[in-house]
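Worksheet for the structure shown next.
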Amino acid sequence: MPGGRLTQQERQQIALGLADSLPYAEIARRLDRPTSTITREVMRNGGPTGYRADLAHRATERRAHRRKPASPRGSAPLPQPQGRDAEAVADYEETLTTVLMASGVPKMGARVLTGLFISDSGSLTASQLAQRLDVSPASISKAIAFLESQSLVRRERDERRRDRYIVDDELFYQATIASARANDRLVATARQGVAVLGANTPAATRLENIARFLDFISESIVRAAEQARAVLHTKPAHPSDDPTDRPDPDNGRAGTAG
């Protein structure tokens, strides 16, 4: 049974196997690798539906590069808050970054977003992000510009007049609404094409069908986002606020009149 890291060619074979809906055991047999190796590789890099060989290979290279200048042998990894396992956190950080990249977020934007997601405060300054990711402030600035354009982060000034970049409970609501608004612009543009191409032509019919589909999707997305926001922002009622928990003033009086 061969050891060592997976090669890029092996990762391509894994991707092909997943595309053919092969079980992990069969992919492992074809590569002469343990099934656990294939399972861990896939789940660390986007899961069976999000796995991409090129992204997985780059993520592994980044992990290897980060560990090369590690502390001298025998020294413990840097401590993490809340007693977390430093290596497990680093592995998860790579996994989440890779999944975000697979969803269309640029590499540096994915790294910044991951850094914000896994920080307990959900809030970091540009200098903190640059230090955490070991990149230049210019790289952070460019990534933040993209994330703000997609409503994936918001900016606030702290007491020291520094910009802080924040992810919070409103994050996915705002991003979802922004996505729906982008659909609305596409709907309007498609219907503009209907008028230009002529209402009874095949091209115009195609554009109108696109517009109707996206219009329905946008309405459904906005409605679902509003409902989810209301549910997630509603605090459970205190038992004393539930009318069914209050004593009935007439309880026990029935049958006393005579």
Side-chain angles (χ1 to χ4, degrees), residues 1-67 80 82 84-120 122 132-133 143 146-147 150-153 167-180 182-183 217 220-221 224-225 228 231-232:
M1 185 178 297
R5 293 177 182 152
L6 291 166
T7 66
Q8 189 162 15
Q9 290 73 23
E10 286 177 314
R11 289 190 167 92
Q12 290 168 352
Q13 291 301 312
I14 291 173
L16 291 173
L18 293 172
D20 290 338
S21 300
L22 296 180
Y24 295 154
E26 176 60 20
I27 297 173
R29 187 188 67 78
R30 294 185 180 189
L31 295 177
D32 195 19
R33 291 276 191 171
T35 301
S36 60
T37 297
I38 306 305
T39 303
R40 186 166 55 249
E41 166 71 12
V42 173
M43 298 311 296
R44 176 180 283 183
N45 294 292
T49 59
Y51 184 84
R52 285 179 54 185
D54 55 342
L55 293 177
H57 196 69
R58 286 201 294 269
T60 302
E61 288 180 335
R62 286 198 302 274
R63 282 193 291 269
H65 177 73
R66 187 183 62 235
R67 289 169 183 167
Q80 287 281 325
Q82 312 293 338
R84 295 170 180 139
D85 183 311
E87 187 170 349
V89 171
D91 285 345
Y92 176 72
E93 187 171 355
E94 293 292 349
T95 298
L96 181 54
T97 298
T98 301
V99 170
L100 290 171
M101 289 170 62
S103 72
V105 181
K107 176 181 175 181
M108 187 52 63
R111 294 188 67 197
V112 168
L113 201 54
T114 294
L116 288 167
F117 277 150
I118 68 175
S119 66
D120 284 318
R132 182 188 186 109
L133 302 179
F146 169 80
L147 295 174
Q150 302 298 309
S151 299
L152 291 173
V153 298
V167 293
D168 55 19
D169 292 341
E170 285 284 286
L171 169 70
F172 282 106
Y173 171 78
Q174 295 296 343
T176 299
I177 295 299
S179 175
N183 272 351
I217 292 297
S220 300
I221 287 174
V231 169
L232 294 174

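Side-chain atoms are counted along with the backbone in the values below, which use heavy atoms only and exclude waters and symmetry mates.
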Closest heavy-atom pair and its distance - [X], [Y]:
X      : Y      : answer
Ala59  : Asn45  : CB-OD1, 3.8 Å
Arg111 : Leu133 : NH2-O, 3.1 Å
Ile177 : Ala225 : CD1-CB, 4.2 Å
Ala178 : Ser151 : CB-OG, 3.7 Å
Ser119 : Arg132 : CB-NH1, 4.3 Å
Ala175 : Leu152 : CB-CD2, 3.8 Å

Calculate, to the nearest 0.5 Å, the distance between atoms [atom1] and [atom2] belonging to [X] and [Y] respectively.
X      : Y      : atom1 : atom2 : result
Thr39  : Arg33  : OG1   : CZ    : 13.5 Å
Thr97  : Ile118 : OG1   : CD1   : 7.5 Å
Asn183 : Ile221 : CG    : CD1   : 6.0 Å
Thr176 : Gln174 : OG1   : CD    : 9.5 Å
Asp32  : Glu10  : CG    : CD    : 9.5 Å
Ile27  : Thr37  : CD1   : OG1   : 12.5 Å

Sequence neighbours excluded, the answer for salt bridge (charged side-chain N to carboxylate O under 4.0 Å, His left out) partners of Arg29 is Glu26

May I ask you to test the [X]-[Y] pair for a side-chain heavy-atom distance under 4.5 Å?
X      : Y      : value
Thr114 : Tyr92  : no
Tyr51  : Glu41  : yes
Val112 : Val153 : no
Arg58  : Met101 : yes
Arg30  : Gln13  : no

- request: Would you check if the side chain of Asp20 reaches a backbone N or O of Leu22 as a donor-acceptor pair within less than 3.5 Å?
  value: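 Flag not set: sc Asp20 to bb Leu22 has no pair under 3.5 Å.
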
Presence of salt bridge, Glu94 and Arg44, under 4.0 angstrom: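 Result for this pair is no, no salt bridge flagged.
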
Partner of His57 by side chain to side chain donor-acceptor pair (under 3.5 Å), out of Gln12, Arg52, Arg11
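Single pass found, and it is Arg11.
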
>> I'd like to check the side chain to side chain donor-acceptor pair (under 3.5 Å) partners of Ser179; sequence neighbours left out, ordered by chain and number.
In response: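 Counting only residues at least two positions away or on another chain, Ser179 forms no side chain to side chain donor-acceptor pair (under 3.5 Å).
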
